[in-house]
Amino acid sequence: MQFKSMVISNVELSPCYFRMRMTAPQDLGTSLPGQFLMLKVTESIDPLLRRPFGLFDVGTFQAEYDETPHTYVEILYKVVGKGTRMLSALHHGDGIDLLAPLGKGFRLGEKGEEKILVGGGVGLAPLYYLAKALVAQGEKVRLFAGGRNRDDILCITEFERLGVETYVATDDGTLGEQGFVTEVLEKHLGAGQRIFACGPMPMLGAVSRMAEAHGVPCQVSLEAYMACGVGACLGCVMPGANHSDQTPDYRCVCKDGPVFDSFELKWS
Ligand SMILES: Cc1cc2nc3c(=O)[nH]c(=O)nc-3n(C[C@H](O)[C@H](O)[C@H](O)COP(=O)(O)OP(=O)(O)OC[C@H]3O[C@@H](n4cnc5c(N)ncnc54)[C@H](O)[C@@H]3O)c2cc1C
Ligand code: FES
């Protein structure tokens, strides 16, 4: 659905990373972890296209002026270009136009499996709402978070407050173990687990191969350039597992995903 929303807060968490809370219609409260929204950063025509962001959190808050609970949605974003720079300049009370919820989210899996979340940089964003849903279901959840340096590791205490066991790795060793998050992950993989991953493609490819080698089911959430967000422009397609020049097999990230079983995709 398309709706007008109001910015409640827009806070810089670490250099270039912001967390923004916006008002949302009550129906958005039933959004699934892994779904995303498309946001028009300005009323003017530049940038023309909406920008996609994963749902970092959805919940309710009490307004000062009445006693009914109101719904909010949050995103966690990194400033990388014009759209996100404009977003970072928004303040409490500013209006914004949203399309949400979009795409297919994570499937939570079987009860009793250990749930392993793997996030690279801002790929951590959709994993918090997922962690909340898994914890509410009584699941044991572990988070493996990776980044270039300590500034890329966001909201870890929020996960810990949910009771999630966290492991951190940074390329430069400024927080957690030094090295790739996949190296830390590999030491903890085994039977009875299910992986949910979001982050850069090389990390997702490595996690996917590792999951296959250990026989652990794995879902990945992809990012792609998006124009429409609803399956109309085919601008966001990625090759599926059986893709070749002779037999094209494409998946539409916005409509078939952004969450896929890792075996559905071609990683080479
Ligand atoms: C389903 C989905 C969920 C996403 N969730 C989040 C999120 O939770 N938090 C977050 O910070 N970002 C997320 N992104 C990425 C985010 O949409 C882009 O960073 C944003 O659109 C950039 O807009 P911009 O105008 O600032 O940058 P632009 O000026 O458009 O581009 C700046 C730079 O960023 C690169 N870039 C832009 N868009 C993408 C993209 N989709 N994938 C890879 N590189 C890109 C460009 O190549 C360029 O180098 C998500 C993307 C998708 C498809
Ligand atoms: S963004 Fe248009 S089809 Fe996916």
Side-chain angles (χ1 to χ4, degrees), residues 2 10-22 31-42 44-58 73-90 96-106 117-132 145 147-148 151-155 158-159 196-205 219-240 250-260 265:
Q2 183 179 355
N10 192 18
V11 181
E12 187 166 17
L13 301 179
S14 82
C16 292
Y17 288 101
F18 288 75
R19 176 176 179 172
M20 187 159 91
R21 178 177 286 200
M22 296 155 278
S31 310
L32 301 173
Q35 287 189 297
F36 66 100
L37 54 76
M38 294 281 280
L39 186 155
K40 183 96 181 75
V41 295
T42 170
S44 68
I45 57 163
D46 183 28
L48 182 64
L49 297 176
R50 290 171 182 274
R51 298 298 196 250
F53 297 93
L55 304 180
F56 174 71
D57 196 12
V58 182
V73 59
E74 284 190 11
I75 58 171
L76 185 68
Y77 65 95
K78 182 174 184 182
V79 175
V80 293
K82 189 168 190 177
T84 43
R85 205 162 38 250
M86 290 171 92
L87 208 56
S88 70
L90 295 180
I96 200 155
D97 190 274
L98 298 182
L99 260 184
L102 298 171
K104 297 202 170 78
F106 290 107
L117 316 187
V118 191
V122 81
L124 215 63
L127 300 182
Y128 179 68
Y129 189 38
L130 173 65
K132 267 176 83 174
R148 292 210 175 104
D151 292 338
D152 290 337
I153 308 295
L154 306 160
C155 299
E158 309 267 338
F159 284 90
F196 305 85
C198 184
M201 282 305 270
M203 184 203 91
L204 294 182
Q219 293 168 53
V220 294
S221 180
L222 300 189
E223 285 188 10
Y225 293 101
M226 288 187 181
C228 72
V230 293
C233 71
L234 299 184
C236 65
V237 293
M238 290 275 186
Y250 287 107
R251 303 296 143 95
C252 190
V253 175
C254 68
K255 194 158 158 265
D256 304 327
V259 177
F260 296 90
L265 302 166

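Please read all numbers here as calculations on a predicted model, not as lab measurements. Just follow the structure's listing: the first ligand is 1, and inside any ligand the first atom is 1.
- Judged by the shortest distance from any of its heavy atoms, I75 lies outside the 4.0 Å radius around the atoms of ligand 1.
- In terms of polar-atom proximity, M226 is not counted as a contact of ligand 1, lacking any N or O under 3.5 Å from an N or O of the ligand.
- For a threshold of 3.5 Å applied to N or O pairs, the pair formed by Y225 and ligand 1 contains at least one separation below that value.
- Nearest to atom 7 (C) of ligand 1 among the protein's heavy atoms is L76 O, 3.5 Å.
- Geometrically, ligand 1 and F36 share no nitrogen or oxygen pair separated by less than 3.5 Å.
- Of all atoms in ligand 1, listed by their number and element, those nearer than 4.0 Å to a heavy atom of A125 are 8 (O).
- Across all non-hydrogen atoms, the minimal contact from G231 to K255 is CA-CD, 3.7 Å.
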Checklist line | Verdict with supporting geometry, F53 and L39, side chain to side chain contact (heavy atoms under 4.5 Å, CB included) | finding: CA-CA 8 Å; F53 297 93; L39 186 155; 4.3 Å; yes

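- Listed by chain and residue number, the protein N/O/S atoms under 2.8 Å of atom 2 (Fe) of ligand 2 are C228 SG, C233 SG, with waters left out.
- In this structure, atom 3 (C) of ligand 1 lies nearest to the protein heavy atom G54 N, 3.7 Å.
- Proximity of P52 to ligand 1, defined as any heavy-atom pair under 4.0 Å, is shared by backbone and side chain alike.
- Here the heavy atom of the protein found nearest to atom 53 (C) of ligand 1 is A224 O, 3.2 Å.
- For K132, the salt bridge (charged side-chain N to carboxylate O under 4.0 Å, His left out) test picks out D57, with sequence neighbours left out.
- By the 3.5 Å distance cut-off applied to N or O atoms, V80 is not counted among the residues near ligand 1.
- The atoms of ligand 1 that sit less than 4.0 Å from any heavy atom of T84 are 24 (P), 25 (O), 26 (O).
- For E158, the side-chain hydrogen bond (donor to acceptor under 3.5 Å, both in side chains) partners are R19, not counting sequence neighbours.
- Residue-to-ligand polar distances keep Y77 apart from ligand 1: every N/O pair is separated by 3.5 Å or more.
- Between G81 and ligand 1, at least one N/O pair is under 3.5 Å apart.
- In this structure, atom 30 (O) of ligand 1 lies nearest to the protein heavy atom R51 NH2, 3.5 Å.
- Checking atom 18 (C) of ligand 1 against the protein gives no heavy-atom contact under 4.0 Å.
- Between the side chains of Y77 and N10, at least one donor N or O lies within less than 3.5 Å of an accepting N or O.
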Next item on the list: Walk me through it: do D152 and V122 pass the test side chain to side chain contact (heavy atoms under 4.5 Å, CB included)?
Entry: CA-CA 7 Å; D152 290 337; V122 81; over 6 Å; no

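- Under 4.0 angstrom from ligand 1, there are no non-hydrogen atoms of V41.
- There is no protein heavy atom closer than 4.0 angstrom to atom 48 (C) of ligand 1.
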Item checked: Chi angles and distances behind the side chain to side chain contact (heavy atoms under 4.5 Å, CB included) call for T84, R51 -> CA-CA 8 Å; T84 43; R51 298 298 196 250; 5.9 Å; no

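- Numbered from 1 in the order shown, with element, the atoms of ligand 1 that lie under 4.0 Å from a heavy atom of V122 read 9 (N), 10 (C), 11 (O).
- The residue among K82, E223, E74 with a heavy atom at the shortest distance from atom 43 (C) of ligand 1 is E223.
- In this structure, the side chain of K40 does not engage the main chain of L49 through any donor-acceptor pair within 3.5 Å.
- Looking only at heavy atoms of the protein, atom 11 (O) of ligand 1 is closest to K78 N, 2.8 Å.
- Using a 4.0 angstrom heavy-atom cutoff, P47 does not count as in contact with ligand 1.
- Note that the CG atom of L127 and the SG atom of C198 stand 6.0 Å from one another [nearest 0.5 Å].
- Summarising the geometry of L32 relative to Y129, their closest heavy-atom pair is C-CE2, 3.9 Å, with the distance given to 0.1 Å.
- Closest approach of L55 to S31, counting heavy atoms only: CD1-CB, 3.5 Å.
- To the nearest 0.5 angstrom, R148 atom CZ is 11.5 Å from I153 atom CD1.
- Interatomic distance, F159 CZ to Y128 OH, rounded to the nearest 0.5 Å: 7.5 Å.
- For R251, the salt bridge (charged side-chain N to carboxylate O under 4.0 Å, His left out) partners two or more places apart in sequence, or in a different chain, are D249, E264.
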Note to self: Apply side chain to side chain contact (heavy atoms under 4.5 Å, CB included) to residues D97 and R50 and explain how you reach the verdict.
What the structure shows: CA-CA 9 Å; D97 190 274; R50 290 171 182 274; 2.4 Å; yes

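- Here SG of C16 is found 9.0 Å from CG of D151. Values are rounded to the nearest 0.5 Å.
- Atom NZ of K104 is separated from atom CZ of F106 by 14.5 Å, given to the nearest 0.5 angstrom.
- Atom-to-atom distance recorded for C254:SG and M226:CE is 5.0 Å, nearest 0.5 angstrom.
- Residue S221 does not touch ligand 1, judged by heavy-atom distances below 4.0 Å.
- Residue-to-ligand polar distances keep L222 apart from ligand 1: every N/O pair is separated by 3.5 Å or more.
- Counting only heavy atoms, the protein gets under 4.0 Å from atom 23 (O) of ligand 1.
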